[in-house]
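To start, the structure itself, in structure tokens.
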Amino acid sequence: MSVVLLTLFAQLPEDCRPQHRVTVSVARTLPQAGGGGRLTLERLDILPDGECVCPQLPEGAGTGAEYPVHLSGAVFGVPVRAKELPEDPAAAASLGCESGSARREDSPASTWKRFQELEERDRRFRNKFQSIAEFQQFERTLQWFRAHDCTESHRLTHSCFKGRSDFTQTGMLVFDTEEDLEGLNKAIAWLYDRRIPVVLMERQTRIFPLIFDMDLKVTSQDMLDSVPVRIKRTRPWRGRVDFCRWHGADHFVLSKDMVLLRHLGMIVFQFFPDLPLIDFCIFNASGWDRVKELVKVSLHLVAPYVLVTPDRLTAIRERMLEYLGECSEADGHPLADLLQTYLQESEDNTWDKVVDQTVTSGTNGLRMPYCDKAQRILKREFVDRKRRGEVFTERQLMDLHAYLKEEAGRPCLPEGILRLIPAKNAEDENALPEAKWMCKGDDLPIDEWIRLGRCRYAWRMPLAPPGPTPWRPPLRYQWVEPVPLWEDRTQLKGSPVVRKFHGSAAEFRSNWEEALSRSPKLSGRWLISSIDARWRGGLENDSTHEVRYIVRASRVILLLSPEVGAALVFTELRKVLAGWTEPDDFLCVPICGSPSDSHSSALHTIVAPSKEFPTLQAALNAVPSDEPLHRVLVRCGTHELPETLCIKRPVLLEGEGRWETTLRSFGMIAPAMARSKRSRFCLLLLLLPLLGLTFSTPRPKERSFGQQLLDMALESPLYKMLLVPQARRTMVDTAEANGIGWSSSLEYIRGQGPWDDTVLQELEADSPTKLPSYYKKPFHAYDTGNLNWEAAFEQELASRAVGARNFPAFGKDGEDAFRAAFDNALASLGAAVPDGGVIVDMGCGTGISTRRLAARFPKASRLIGLDLSPYFVAVGRRLMELEPEAGNWVTDVVADKRVELRVADVESTGLPDECATTVNLCLVIHELPPDITRRVCVEALRLLKPGGQLWITEMDFSAPGYVQLRSNPLLFALIRSTEPYLDEYADSTEELFRHLAELEPVESVRLTAATGRHFAVVVTKGRGKESRLDDRRWDEFGNYVVEDTHLQTWESKLSETKNQTTLRLYGPGAHRAMVRNLRVEVYGGEQGGAAVEIDALEGEAAVVGCYLAAEGTWGTCVWARGGSPQIVRNFVARARWGVVLIGTGGRVEDNSIRGLGEAGLVLVGGSAWVHRNRIADCGGPAVLAAMDCKAVLQENDIRECLSGVRIIGKQSEIQMRPGNRLLHNGLCDEHQVEAPPGVIPSGSTATVRSCRPYPFLPKDTQELLRRMRTCREHAELAILMRSARRRGLLAQAYRANRRLTKLRKGAHKAPPPRASPAKREVLVVAKAWDGPGTGFGQQSISVELGELCEVLRRDASGWILVSTSRQARGWCSPHVFG
């Protein structure tokens, strides 16, 4: 606590006064009489004019009254140079004190007294001060040092070798601003000039200048004898600061040819080949070591303009030691001879000791220039006691405080600047650089040498470069951290407001006026300036923001005033400057009076949502794309994003508070078909007759009472009025939702008439047909069935909608995929048409299937399409005449002279016997009664020649999808309402297959699954009486061979289950973007999405200090491709996948990844640096590496996962550096690191790998499943699930995870619930592959590198049916998964 008089605050000199009004809280001592000497809290206002106002003082207390005031801190200002005072106290008393920081009671007499006390107390300060003024300056310097004391070790920037001393009470100091560092330089220089030793060391920043220490011990007797006796006997209080400095051994390093330094410089140029030269500032602290009684050569080399990181410097030192070792083994090499010379002086002078490793750590402190070292000296008392024979252990000496810390007398003083220039012969790798001295130690002032020799990189400097010096290290050292660190971006104050323009002031005014005319928000005026151009304005006419063009510097500067809306003005001004000015070469801060003004930090920050920027995307788009990092601050709260938030510019997107700001997107949007009130009312009416219905009988042979009641309901006019329009509405919604132009196509065909009875009479004359009774019933949402124009117009439209429902991933092209699936299934059964063959297409409708057959079999001679509806045939013929394109009609129609459409009853076609080679029935027989179907099949066999084929493609109600649908009569009723014979068809399909096999002319019946809900049948006509039924719809495990892709009954298109990304960073502008302190989530949705997606092919986009979560099947917290992303200090949870890196470098550091459903970290290729992460409790492997991954894993803690590190493929070269801990992963030690045979990650043998045995695990699978169902301990159930997943029981483990979640929620101190694992096996694509493009057919699939795939089925040949994270589905070759 400092005691000052109030009068001195009022007498502050002008250069110490604040620029604004300052209010401080002070403690005032109350008078003894009334207050008893107690302290009371007061308010003190210091005004810019020097006046001091204290409202709580008693009335009448002016500046003459003396009230002791206690300040918790110190007053800082520009020190006033004190006048020299005579040494005579009486003369000093007559001068008074004019120092603003002196105390009122600090009279010259008291100052003289303290000066004498100091000299008597400490011999080091004797004869140091020439006047009392110097002593007063010394006291102010001490006060300044102590004001920078700190008590927290993680904050210190400097420390004292002695610990507590005159300069610091704690031994720890903080000088973290450029002003503080400059003040420190001047303070050390002032103290050194007065022979006052300073023992400070400096802690490196994460980025610091290239520094090397070189230390040698010289112990030969000749050298020891050469040291002057006066140096050996000098003590700290007897001479100068450098009382032990001696240069007699400097020639061991600083020889005339500088051979050692040139060799080391050659190594540095190997890492920085683009540098034209390197200036090394050489500091020398060589001399006599009083404690060890030997000569020490100690050099400190600093390259102030080459910036490195600790790991980069480690790599450079490793290469130096490797090179020095290689040269030392070569006979006759200069370095070999030099090493022998060093070893003759001392056995400790090995290369690893000569090139000291102290500087390679980013946390150790380094001695500052002009500062000394402190050595531990035994007190004289204990020296005497030892001489008398007393014996002390080291511990006893420490307890007795027997040691003193005295200056070593060898401060680090400059020798000069040595410039190294690369050798001119670039082809010779071993050519040494040239060396020459640029200056000597006396050529520069002391504070400048200190500035050049410090190891703290001041990244807060406005014109400081943005990161480490770009390097191109040798190949084996390229694993070291990525090129600039993310930390330097967090320290920069934001975007520059300085731009370049080359031209006159008149040209600037002209360009400005032209650009300003395109920005209606800004208004302003020109200011008078004879040389430069000055514009003042803003959003309002009286705004005072200013744009200056300084012609001599070719710079444009923005001067912003602290007004409301300054951030928006800032954005608009830079939009005006964009395009015709250029960004400056250096980073800078917005200028408002001065760079350090208190308002500047707020002016360059965009706060959103706000009045100026109502949405987050608007704020991000306002950031200029051609300037470095800019800050966008998101307000606290939850922000639900309707679409992905895109970052395409160099933005620092930061949340207000830590994880108090949430960005949330939704993984699945509601289905496209909205459930209207009318549709809910329909379902409510359906419930009434279904109360007694049995839901567990999917295919009842006998009609139960509930089924009979349902049939009656469907026959009633009320239900037809409600359900039939709803079914038709479902079809229309499906078409429109998938981009099928239902309305436009319907309008087109209606306009191609006339459509009247004249057309029908012509058809009936050509093919007179009597309509059967079953055909007159209403179906397909039409009262007259297919006997109307509307049904004919909409037949092809509905067909396209049906295809989209069966293959929703293909959208409007779903019908093409649907019918292609039929074609492929028929082909697999041996379906073929001989050249010149005749195809009869029964139930052709408007000719959809007939035209497709014509295109598929161009060598067929004739195709006859038969349909009972004259309306359909008339529309089909008209379409072939018009040949509409897809723009007018739902598909292209191409006329073919071989195609003939007729009106005929397929029960009795009227065609001659054995006239056809192929008869096709596509999606026809489900509309017929079962007895009619049999007659149609008999008629088809009559038409076939021997060896001909009958093709049937239809709905398969034995497929799981339709079995599930029929088990829910509520949903099945919606389909039955438009298909009167569907229930009978579903019950009789299997009997139809047996009936076909029993027919006399049938040789074989082969059937297989075409889609997940349809079959294909090929019936071959022969002459024998024996036939067989070959059913291929089921595999050996009883599974339907084709996966069901059909939409749910209530959906009109594939639900918006596309992967929804919350935050996406992409494009060249985002290569330096950064996201910090946000909570980013993908909420809900079956499929999920990525919380953060980084798609930058270069650069270092960063995600720092965020909480990341993503729900759904493909929920991924971070997905990154290319570049060098920085994923640092994040919390990753509530997702199936953690961090997925595809072909990236960069770093994954200090993250906590817990409770994921599958893998915590997926590395596909690239060379990421994975450091100090904690990955625990994952349902899959903690780290999954694929392809040619060259990642480095160091100091990671991996535990309680399915496996520790899993490597796929034999091309990965994982480096597992020291410090990794793999504990309790999988079920045994072999599960900690899993790799293919012959692949051993480097360093994995030194990794801690441990897994305790689990004796309770049953070996029998059924017993394991039973234990999973009955286990009540969450820890045991997690192990059981791990065992089940390793045995391939993925679906069972998925269901058990629900129980695990309940147990963990109910247990005390249990881990948080884990995200659900995958139901099926999941693979990672290790090689991009284009199946359709390489000729593997439409059922194959294209996959991208790093894509996640879920295995649906494997066939006998090894091919895999997969579903990908892009919502694609198809067959894939197994080689793409490594």
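Below, all heavy atoms of this structure are taken into account, side chains as well, without hydrogens, waters or symmetry copies.
A heavy-atom distance below 4.5 Å is not found between the side chains of Asn786 and Gln795. The side-chain heavy atoms of Val1019 and Cys937, taken from C-beta on, include no pair separated by under 4.5 Å. At least one side-chain heavy atom of Arg1369 sits less than 4.5 Å from a side-chain heavy atom of Leu1352. Looking at heavy atoms from C-beta onward, Val906 lies out of side-chain contact with Leu868 at the 4.5 angstrom threshold. Side-chain contact between Arg1353 and Trp1371 is present, with at least one heavy-atom pair separated by less than 4.5 Å. Counting heavy atoms from C-beta outward, Met955 and Thr989 have side chains that stay 4.5 Å or more apart. Contact of the Val894 side chain with the Arg851 side chain is not registered, since no non-hydrogen atoms from C-beta on lie closer than 4.5 Å. Contact check for Leu882 versus Gln752: side-chain heavy atoms found under the 4.5 Å cut-off.
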Checklist entry - Could you go step by step and tell me if Gln949 and Leu826 meet the side chain to side chain contact (heavy atoms under 4.5 Å, CB included) rule? => result CA-CA 11 Å; Gln949 295 177 336; Leu826 291 171; over 6 Å; no
Item to check | Step-by-step salt bridge (charged side-chain N to carboxylate O under 4.0 Å, His left out) determination, Asp841 to Arg902 | outcome: CA-CA 10 Å; Asp841 187 17; Arg902 296 184 182 180; over 6 Å; no
Checklist entry - Would Ser958 and Val963 satisfy side chain to side chain contact (heavy atoms under 4.5 Å, CB included), going step by step from the backbone distance to the final call? => result CA-CA 6 Å; Ser958 297; Val963 170; 5.5 Å; no
Item to check | Residues Trp951, Cys922; criterion side chain to side chain contact (heavy atoms under 4.5 Å, CB included); working and verdict | outcome: CA-CA 8 Å; Trp951 301 346; Cys922 181; over 6 Å; no
Next on the checklist: Run Glu796 and Thr891 through side chain to side chain donor-acceptor pair (under 3.5 Å) and show every step you take.
Outcome noted: CA-CA 9 Å; Glu796 295 201 18; Thr891 185; over 6 Å; no
Next on the checklist: Could you go through Tyr962 and Tyr1040, starting from their C-alpha distance and side-chain angles, then the distance that decides it, and tell me whether this counts as ring-ring contact (aromatic ring centres under 6.0 Å, His included)?
Outcome noted: CA-CA 12 Å; Tyr962 276 134; Tyr1040 205 70; 9.9 Å; no
Checklist entry - When you look at Met842 and Val936, which way does the side chain to side chain contact (heavy atoms under 4.5 Å, CB included) test go after all the steps? => result CA-CA 9 Å; Met842 292 183 167; Val936 170; 3.9 Å; yes
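The two residues Arg819 and Ser799 make their nearest non-hydrogen contact at NH2-OG, 3.2 Å. Contact record, Ala860 with Val833: CB-CG1, 4.3 Å, taken as the closest heavy-atom pair. Scanning all heavy atoms of the two residues, the minimum distance from Leu829 to Ala1016 falls at CD1-O, 3.3 Å. Contact detail for Gly1012 and Ala959: the closest heavy-atom pair is O-CB, 3.3 Å. Closest heavy-atom contact between Thr1011 and Val1042: C-CG1, 3.5 Å. In terms of heavy-atom proximity, Gly865 sits nearest to Thr850 at CA-OG1, 4.1 Å.
The aromatic rings of Phe822 and His1014 lie perpendicular to each other, with more than 60° between the two planes, well past the 30° mark. Between Phe993 and Phe1015, the angle of the ring planes goes over 60°, which puts this pair in the perpendicular group of the 30/60° scheme. The aromatic rings of Phe793 and Trp755 sit perpendicular to each other, their planes meeting at more than 60°, with 30° as the lower class boundary.
Panel note: side chain Tyr981, backbone Tyr774; a donor-acceptor pair is recorded below 3.5 Å. Checked by atom type and distance alone, the side chain of Arg942 pairs as donor or acceptor with a backbone atom of Leu911 at under 3.5 Å. The closest donor-acceptor contact from the side chain of Glu984 to the backbone of Pro930 lies at 3.5 Å or more, if one exists at all. For the pair Asp1030 (side chain) and Arg1006 (backbone), a donor-acceptor distance under 3.5 Å is absent. For the pair Glu914 (side chain) and Pro946 (backbone), a donor-acceptor distance under 3.5 Å is absent. Here the side chain of Thr933 pairs a donor or acceptor atom with the backbone of Pro929 at under 3.5 angstrom. Checked by atom type and distance alone, the side chain of Thr1020 never pairs as donor or acceptor with a backbone atom of Gly947 at under 3.5 Å. Remark: side-chain polar atoms of Asn788 are paired, donor with acceptor, to backbone N or O of Ala791 under 3.5 angstrom. Arg898 places a side-chain N or O within 3.5 Å of a backbone atom of Pro858 that can act as its donor or acceptor partner. Distance alone, capped at 3.5 Å, places no donor-acceptor pair between the Lys1021 side chain and the Pro1001 backbone.
Ion pairing between Glu990 and Arg994 fails under the 4.0 Å rule for side-chain N and carboxylate O. A salt bridge does not link Glu998 to Arg934: none of the charged nitrogens lies less than 4.0 Å from a carboxylate oxygen. Here Arg750 does not pair with Glu747 in a salt bridge; the nearest charged N to carboxylate O distance is not below 4.0 Å.
For the atom pair CD of Glu900 and CG of Leu863, the computed distance is 10.5 Å after rounding to the nearest 0.5 Å. The structure places OG of Ser1004 at 10.0 Å from CG of Leu1029, a figure rounded to the nearest 0.5 Å. For the atom pair Leu923 CG and Glu954 CD, the distance stands at 5.0 Å (nearest 0.5 Å). Here the CD-CD1 distance, from Glu794 to Ile749, works out to 12.0 Å after rounding to the nearest 0.5 Å. Note that OG1 of Thr1008 and CH2 of Trp1034 are 11.0 Å apart. Values are rounded to the nearest 0.5 Å. Annotation: the span from Leu944 atom CG to Thr918 atom OG1 amounts to 7.5 Å, rounded to 0.5 Å.
Judged as a side chain to side chain contact (heavy atoms under 4.5 Å, CB included), and not counting sequence neighbours, the contacts of Arg935 are Glu907, Asp931, Ile932. Residues passing the side chain to side chain contact (heavy atoms under 4.5 Å, CB included) test with Pro834 are Thr917, sequence neighbours excluded.
For an aromatic pair to be called close, the ring centres must be under 6.0 Å apart, and Tyr782 with Tyr871 fails this.
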